[in-house]
Protein chains: 2
Amino acid sequence: MSELLTTNRKEQLLEVAAKLFKQRGYAATSMRDLAAELGIEAASLYHHIKSKEEILETICFDLASKFSNVIAEVNDIYFNAEEKLRTAIKNHVQIITQNTNQSAVFLHEWRNLSEPKLSEFMKLRDAYEKGIRVILKDGMNEDVFDDVDDKFASLTILSTVNWINEWYNPNGKMSTEEIAQKLSDFILGGLRKKMVTDINYKP
Amino acid sequence: MSELLTTNRKEQLLEVAAKLFKQRGYAATSMRDLAAELGIEAASLYHHIKSKEEILETICFDLASKFSNVIAEVNDIYFNAEEKLRTAIKNHVQIITQNTNQSAVFLHEWRNLSEPKLSEFMKLRDAYEKGIRVILKDGMNEDVFDDVDDKFASLTILSTVNWINEWYNPNGKMSTEEIAQKLSDFILGGLRKKMVTDINYKP
DNA sequence: AATTTTGCCTAACACATGTTAGGTTATGTC
DNA sequence: GACATAACCTAACATGTGTTAGGCAAAATT
């Protein structure tokens with residue numbers, strides 16, 4: 001290839017794989033599909049990777065580690081629970097909007113992992129959810145958040161931030177910041193109209 | 001079969017198919033898998049159905065019509081926007097919790113539909129989302145809901161109510177009503193602690 | 001009792017699947 | 001210029017795929 005910007009062929013392979021896995025699903029994407037999209041033969045893929053599942057593993061665990069960093073980072077720097085949650089949401093949204101294909105695979109296709117890796121992956125997922133849950137508990141102790149079922153609330157929050165992936169268009173009008181802002185407001189403020197007497201209202 | 005309660009073999013087939021499609025995904029579930037689960041040979045399935053995709057179509061469109069009914073029903077009976085939204089959420093939750101397998105297929109596996117049916121399905125989905133959106137607009141006009149981006153809000157609401165399917169356990173402690181109640185409160189009230197001066201607060 | 005219908009079977013098809021083996025060519029390094 | 005490595009190729013494998021054809025037995029209908 002005379003292309004200068006071929007960072008790495010393997011990275012390119014993973015990128016294209018993520019795109020196809022998002023579009024058609026992991027199981028419905030064949031190695032020949034993937035190879036054709038790269039302009040090579042199916043057998044040639046095995047110069048770069050060991051197996052089809054290795055591709056899925058790489059994509060899933062790469063993103064899992066990115067999400068793990070969000071929690072670690074947020075807990076290191078910020079102190080106020082609302083600030084923590086807002087920042088976590090912002091970073092989460094950023095990861096999803098900047099890695100739309102990989103995110104879709106991370107969110108939907110991980111079921112296709114097989115057993116040693118599957119459990120490992122689910123543990124990482126649970127750990128992330130627990131991280132969010134701790135922030136919520138802190139917020140309730142600080143009397144910043146309403147007293148709610150924290151398990152229930154954390155799952156609900158994750159659902160809203162993850163659903164972005166379903167409709168977000170990188171070429172659309174909304175910026176990452178704008179999305180994060182609106183989502184945070186929605187999660188924190190709810191929908192019902194209220195007078196401006198929130199205890200922690202900040203203009 | 002001497003079993004009395006075999007409602008219909010086809011219904012049973014669809015039920016088992018939905019279960020497997022949820023567990024392993026549509027593409028990863030073979031007709032032989034499905035047949036084995038029913039205790040018959042793969043070829044025998046074709047006595048009941050025309051093709052694998054027909055199964056997927058049936059499941060997806062059955063549920064789509066259930067969701068359509070929710071909007072129609074709600075718009076016929078209720079007048080207050082908040083009441084409408086609460087009822088829509090309750091009915092939506094009910095459909096998901098009472099049809100866990102089919103819901104999972106409806107939410108995740110519809111991508112595997114092929115072209116005439118795919119577009120048809122997406123239209124139904126969009127119509128449903130639009131139904132929710134109209135309720136939100138009404139609510140804003142009635143000054144019951146905060147002024148928000150209704151497109152954004154409707155997608156966010158759908159994300160939260162759909163995510164139930166990811167963690168809901170029919171044998172768990174939470175009832176449909178309890179889930180619907182909590183979700184409605186969350187969506188309408190948000191997370192931030194506030195004084196009890198909501199314009200439309202009802203104890 | 002005769003006949004249709006229902007539900008399943010075996011056998012087989014044409015094709016798609018992930019993957020391996022072994023060879024060829026371009027690219028970069030000493 | 002020799003050599004190593006990276007990137008790709010063709011050919012083929014074993015197995016899995018959705019589906020069809022044709023037949024058999026029990027149950028339901030007449």
Side-chain angles (χ1 to χ4, degrees), chain A residues 1-21 23-60 105 109-118, chain B residues 1-21 23-60 105 109-118:
Chain A
M1 290 284 114
S2 57
E3 184 67 57
L4 262 176
L5 285 176
T6 10
T7 45
N8 213 7
R9 200 70 213 255
K10 185 166 179 180
E11 274 181 39
Q12 191 188 351
L13 189 161
L14 291 171
E15 189 64 41
V16 173
K19 190 185 89 184
L20 292 185
F21 289 174
Q23 274 173 17
R24 317 178 192 182
Y26 171 77
T29 305
S30 75
M31 295 301 268
R32 283 164 183 84
D33 289 344
L34 175 52
E37 194 78 9
L38 285 162
I40 60 178
E41 292 298 313
S44 307
L45 294 169
Y46 291 82
H47 186 75
H48 304 282
I49 45 111
K50 272 211 298 253
S51 69
K52 187 187 181 187
E53 184 154 346
E54 196 202 56
I55 303 177
L56 183 62
E57 290 167 9
T58 308
I59 296 174
C60 288
V105 176
E109 304 300 328
W110 58 270
R111 289 163 217 266
N112 295 287
L113 290 167
S114 48
E115 216 1 284
K117 293 285 175 179
L118 181 61
Chain B
M1 288 283 114
S2 57
E3 184 69 56
L4 263 176
L5 286 175
T6 11
T7 45
N8 211 7
R9 200 71 214 258
K10 185 167 178 179
E11 275 182 38
Q12 192 188 351
L13 189 161
L14 291 171
E15 187 65 41
V16 173
K19 190 184 90 186
L20 291 187
F21 290 174
Q23 275 172 16
R24 315 178 194 181
Y26 171 77
T29 305
S30 74
M31 296 301 269
R32 284 164 181 84
D33 289 344
L34 175 52
E37 195 79 7
L38 285 162
I40 62 178
E41 291 299 312
S44 307
L45 294 170
Y46 290 83
H47 187 74
H48 304 281
I49 46 111
K50 271 210 299 252
S51 69
K52 188 187 180 187
E53 183 154 346
E54 196 202 56
I55 303 177
L56 183 61
E57 289 166 11
T58 308
I59 297 174
C60 287
V105 176
E109 304 300 328
W110 58 271
R111 289 162 217 267
N112 294 286
L113 290 167
S114 47
E115 215 3 281
K117 293 286 176 179
L118 181 61

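As the structure is a computational prediction, the values presented were derived from the model and not from experiment. Just so it is clear: chains get the letters A, B, ... in the order the sequence lines come, proteins before strands, and each one is counted from 1.
Between A:M31 atom CE and C:dG18 atom P the separation is 7 Å, expressed in whole Å. In this structure, CD1 of B:I49 is placed 16 Å from C1' of C:dT6, rounded to the nearest angstrom. In this structure, the CD1 atom of B:I40 is 20 Å from the P atom of D:dC24, given to the nearest Å. Distance CG (B:L34) to C1' (D:dG16): 16 Å, rounded to an integer number of Å. Rounded to an integer number of Å, the gap from A:Y46 OH to D:dC9 P is 15 Å.
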Between protein and nucleic acid, restricted to nucleotides 11-15 of chain C and to nitrogen or oxygen atoms under 3.5 Å apart, what atom pairs and distances do you find?
none

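A close approach under 4.0 Å does not occur between any side-chain nitrogen or oxygen of A:S44 and OP1 or OP2 of D:dA7. In this structure, B:S30 reaches the D:dT17 phosphate: one of its side-chain N or O atoms is under 4.0 Å from OP1 or OP2. OP1 or OP2 of C:dT6 has not a single side-chain nitrogen or oxygen of B:H48 nearer than 4.0 Å.
Between A:K50 and A:D33, it is A:D33 whose nearest contact on DNA chain C lies nearer the 5' terminus.
Side-chain atoms of B:R9 lie closest to C:dC8 of the nucleotides D:dC8, C:dC8, C:dT19.
Sorted by first then second residue, the salt bridge (Lys or Arg N to Asp or Glu O under 4.0 Å) pairs that include residues 38-59 of chain A, not counting sequence neighbours, number zero.
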